[in-house]
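Some notes on the structure that comes next.
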2 protein chains.
Amino acid sequence: MTTRHSRDDVVATALDLLDEHGLADLTMRRLAAALDVQASALYWHVPNKQSLLALVADRILERARPVEHDLDWPERVRAESGALRDALLAYRDGAEVVSSTIALGLGASAAWVRLLEATATSDATVDERELAASVLLEFIVGHVFREQQQSHADALGAAAPDRALDRDPDGGRVFSFGVDLIVDGFRARVGARA
Amino acid sequence: MTTRHSRDDVVATALDLLDEHGLADLTMRRLAAALDVQASALYWHVPNKQSLLALVADRILERARPVEHDLDWPERVRAESGALRDALLAYRDGAEVVSSTIALGLGASAAWVRLLEATATSDATVDERELAASVLLEFIVGHVFREQQQSHADALGAAAPDRALDRDPDGGRVFSFGVDLIVDGFRARVGARA
DNA sequence: ACCTGAACACCGTTCAAGT
DNA sequence: ACCTGAACACCGTTCAAGT
């Protein structure tokens, strides 16, 4: 009679909690409380916290808006990169969650494939395109991680005196400059062959 | 009579512990034990764990080997990037520690300045050079973070099935490809003006 | 199939008090 | 100047047992 839960409930509630209170407050015990359940009950749905976070990360990246396929490749790379950034920004600490699971082979392959496909119409080799997809994904996640950390630190009113990277108040200049450099570098490399 | 400690002792021991057992095992209580002291004693030397980690991060980056200043700027950027990567790789979980403190305005300004200076002889504006330094630093830290996470995961014998980014067994191809793309993109942008 | 209750082995941090 | 001892308010995870 009482509300019993599915794994999807658990992940969805975790996502809510993440967005409302941040990763530091997303504990198994708080999640259990939000579901009106004992903490131990979660371990029926999920083997451990790390797997839970991987499912949350997948959910975050899944929500990245689709991008038109009939753009030329530089435009498409820029659009995919922007879509991924927006997806990470859509949830509090989204980049940190994704970043902490990305290397474990648990998530992010879909995002990587999108970036790989984006260069399909370039003259690059598959090897070059794979490398470029990795570079882009690492830059995007690394950048948004930093963006979100910074706004978190600012929210605490830390008033840091000597912030090396705090030259990006609008939060997007470094990002688009970075994507542009990578795209231009890729074009230079490929164009040198044509 | 008994060994009393300085803040430098505490940071140095934290660095040792980090390298031997990783960030997850670098707890205040374990650090205290390594210093033969109660955990509460650490709070005389340091206001909290986060500040401790920031000091550790600074220590890691300080050890980056110096690079010749009379290279042309693309070579110098590559050399500085490599030196930073090596510094992060020199300690277990080095990139994670640096990454977690970089946005708090606590560390990494020295590293950023090194990357900024590296483009001094290019024809770029200061604004462009600052943006490029940020892009490089974010890529470097993000990349090494992923590298170290991956070797950690591999050490656990996780045998992940579908690892999107696991195309970099030698651990350096994605890195140098990324730095090259950024450098080439920067050159294209600057060269278009000359 | 899904959950409780109790326990285990931990955390970071504070604070009065000691030397 | 540097540290102890005790406490507070937490963690993730396991496991027998319940329904």
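Here the structure is a predicted model, which is why all the values come from computation and not from measurement. For the numbers below, each heavy atom of this structure counts, side chains included, while hydrogens, waters and symmetry mates do not. Naming convention: chains lettered A, B, ... in sequence-line order (proteins, then strands); numbering from 1 in each chain.
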Quick one: label Ser40(A) by what it contacts on the DNA or RNA (base, sugar-phosphate, nothing), any heavy atom closer than 4.0 Å.
base
Rounded to whole Å, the NE2-C1' distance (His45(A) to dA1(C)) equals 9 Å
Can you confirm whether Leu31(B) sits close enough to Leu52(B) that some side-chain heavy atom of one is under 4.5 Å from a side-chain heavy atom of the other?
yes
Spacing of the C1' atoms in dC3(C) and dA16(D) (rounded, Å):
13 Å
Regarding Arg7(B), tell me which of base, sugar-phosphate or nothing describes its non-hydrogen contacts under 4.0 Å with the strands shown.
nothing
Just how far, in rounded Å, is C1' of dC8(C) from OH of Tyr43(A)?
13 Å
Of Val37(B) and Asp25(A), whose nearest nucleotide on DNA chain D comes first from the 5' end?
Val37(B)
Closest to the Arg4(B) side chain: dA1(C), dC11(C), dC2(D)?
dC2(D)
Pairwise P distance, dA9(D) and dC10(C) [rounded to whole Å]
22 Å
From C-beta outward on Thr27(A), which listed nucleotide comes closest to its side chain: dG12(D), dC2(C), dT13(C)?
dG12(D)
Using modelled atom types and a 3.5 Å cut-off, is there a donor and acceptor pairing between side-chain atoms of Arg92(A) and backbone atoms of Leu23(A)?
no
Any side-chain heavy-atom pair from Asp72(A) and Thr121(A) closer than 4.5 angstrom?
no
Would you say the side chains of Tyr91(B) and Arg59(B) form a donor-acceptor pair under 3.5 Å?
no
Between dC3(C), dT4(D), dG12(D), which one does the side chain of His5(A) approach most closely?
dC3(C)
